[in-house]
Every structure is written in structure tokens, then in C-alpha cells.
Amino acid sequence: MTLVRMQPRSANANPVHRRVDDAMEAAGPQVCDDMTVEVALAVMASARAGHLLVCDEDGLCTGLVTQARLAAVRDSAAYTDQVRLRDLLGDRGPVTSPLTTMTEAEHAMRYRRLDALPVVDEQGVALGVLALAR
């Protein structure tokens, strides 16, 4: 499992101590957690994105949803058209800091079986996304 490096690394950056902010991609589409699964899938399709960052009413990142996860929820027997993104994420999904080392982030992603992880600042505002190489 290899993480994507979207921003050039400085020439004197030590690969052992690389941080998440060296490899994160732009945040991409962000939606509110009160959005329904159907609307989120439509937004994702129109944005041609594989994931959406989910924010609460204060604009703080609460997690990330993927197209595969939303499709699985929509296709489940328990699905109704009233299911909101906040119902999928609970209080807060996994996020990471831009100061986290790549080694730590890769370990966390592997442990949680995540393809992408939101990168947030100290206040919880989304800065970007750390994604696995395809």
C-alpha cells in the first residue's frame, strides 16, 4: 500500500520524517452532514469524485464518504430515502493532522482499511485528503 504524493517534496526532506502535508491532495467537494445519501451520490457523480468530505453545521470536517460506501448503504435492505450522511459517520469519522508522519498515517489507514483520510487543522477544518495510490 503506497500513499499518493501530490505535492513536490523539498530536496532536503527526509523520507523517514515526511509528513501528511507533503502528500495530501486538495480537499475536493465538501457537503453538509444533513445531506441524504441519494443527493450525496448525485453530487459525487456531477463532481466526478470518488469521495466527499462531510462537514457539520459549523463547517468542521466530520469525515469522508466514498461512492462505494454510499452505494452499499443505498442497496442495503435497511435503506430509506431519509438516511443522512451524519447517520453513516456518527459523531466524527477518522481524520488526521497535516503534522502526522506518513508512516503513522499509512499505518492508521491500513489498520482501518481506508482508501482516503481527511486532513484537518487544529480547529477541524478540512485542508485536504490523503489517498492511497491506485
Side-chain angles (χ1 to χ4, degrees):
M1 177 161 44
T2 306
L3 295 171
V4 174
R5 182 175 54 82
M6 298 301 290
Q7 298 176 352
R9 186 171 64 175
S10 67
N12 52 1
N14 184 339
V16 174
H17 301 292
R18 280 188 59 219
R19 299 183 325 190
V20 167
D21 61 354
D22 293 327
M24 69 183 186
E25 347 175 334
Q30 296 183 35
V31 296
C32 192
D33 64 357
D34 67 348
M35 183 176 282
T36 65
V37 169
E38 286 296 326
V39 174
L41 282 166
V43 168
M44 201 175 292
S46 68
R48 295 186 178 136
H51 63 266
L52 296 172
L53 287 172
V54 182
C55 299
D56 65 13
E57 65 275 353
D58 296 322
L60 304 179
C61 183
T62 58
L64 179 142
V65 291
T66 63
Q67 185 174 13
R69 181 163 183 211
L70 292 179
V73 168
R74 183 191 57 203
D75 296 340
S76 74
Y79 175 74
T80 72
D81 62 358
Q82 299 301 308
V83 175
R84 308 233 177 249
L85 297 179
R86 72 169 60 104
D87 301 330
L88 305 178
L89 295 174
D91 288 339
R92 189 169 178 92
V95 297
T96 192
S97 162
L99 303 178
T100 302
T101 67
M102 291 296 290
T103 302
E104 293 169 326
E106 185 177 73
H107 175 75
M109 291 175 76
R110 189 177 297 133
Y111 178 76
R112 292 181 173 156
R113 297 183 179 145
L114 301 172
D115 291 333
L117 188 62
V119 180
V120 300
D121 66 11
E122 305 83 35
Q123 287 78 34
V125 176
L127 302 173
V129 174
L130 189 63
L132 297 177
R134 304 266 179 238

Using 0.5 Å steps for rounding, measure from the [atom1] atom of [X] to the [atom2] atom of [Y].
X      : Y      : atom1 : atom2 : value
Arg84  : Asp87  : CZ    : CG    : 8.0 Å
Glu106 : Arg18  : CD    : CZ    : 10.0 Å
Arg69  : Leu52  : CZ    : CG    : 12.5 Å
His107 : Arg112 : NE2   : CZ    : 9.5 Å
Thr96  : Asp21  : OG1   : CG    : 10.5 Å
Arg19  : Met24  : CZ    : CE    : 10.0 Å

Transitive ILVMFWY side-chain link [X] to [Y], under 4.5 Å:
X      : Y      : result
Val31  : Leu88  : yes
Met109 : Val119 : yes
Val37  : Val65  : yes
Leu53  : Leu127 : no

Original post:
Side chains of Leu60 and Val125: does their closest heavy-atom pair fall under 4.5 Å?
Top reply: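 Leu60 vs Val125: side chains touch.
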Heavy-atom closest contact ([X] atom, [Y] atom, distance):
X      : Y      : result
Ala27  : His51  : O-NE2, 4.4 Å
Pro94  : Leu117 : O-CD1, 3.5 Å
Val120 : Ala126 : CG1-CA, 4.1 Å
Gly63  : Pro118 : C-CG, 3.9 Å
Met44  : Ala49  : CG-O, 2.8 Å
Ala131 : Glu25  : CB-OE2, 3.2 Å

**OP:** Using the side chain to side chain contact (heavy atoms under 4.5 Å, CB included) rule, take Asp33 and Leu89 through it: C-alpha gap first, then chi angles, then the decisive distance, then the call.
**Re:** CA-CA 9 Å; Asp33 64 357; Leu89 295 174; 5.7 Å; no
**OP:** Show your reasoning for whether side chain to side chain contact (heavy atoms under 4.5 Å, CB included) applies to Met102 and Leu130.
**Re:** CA-CA 10 Å; Met102 291 296 290; Leu130 189 63; 4.2 Å; yes
Original post:
For Leu41, which of Thr36, Leu70, Val73 qualifies under side chain to side chain contact (heavy atoms under 4.5 Å, CB included)?
Top reply: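 Among the candidates, only Leu70 passes.
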Original post:
Above 12 or not: heavy atoms from other molecules or residues under 6.0 Å from CD of Gln30?
Top reply: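 It does: Gln30 CD has more than 12 such atoms within range.
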Subject >> Asp56 side-chain N/O to Asp58 backbone N/O, donor-acceptor pair under 3.5 Å >> reply: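 Side chain of Asp56 to backbone of Asp58, a donor-acceptor pair under 3.5 Å: yes, one is there.
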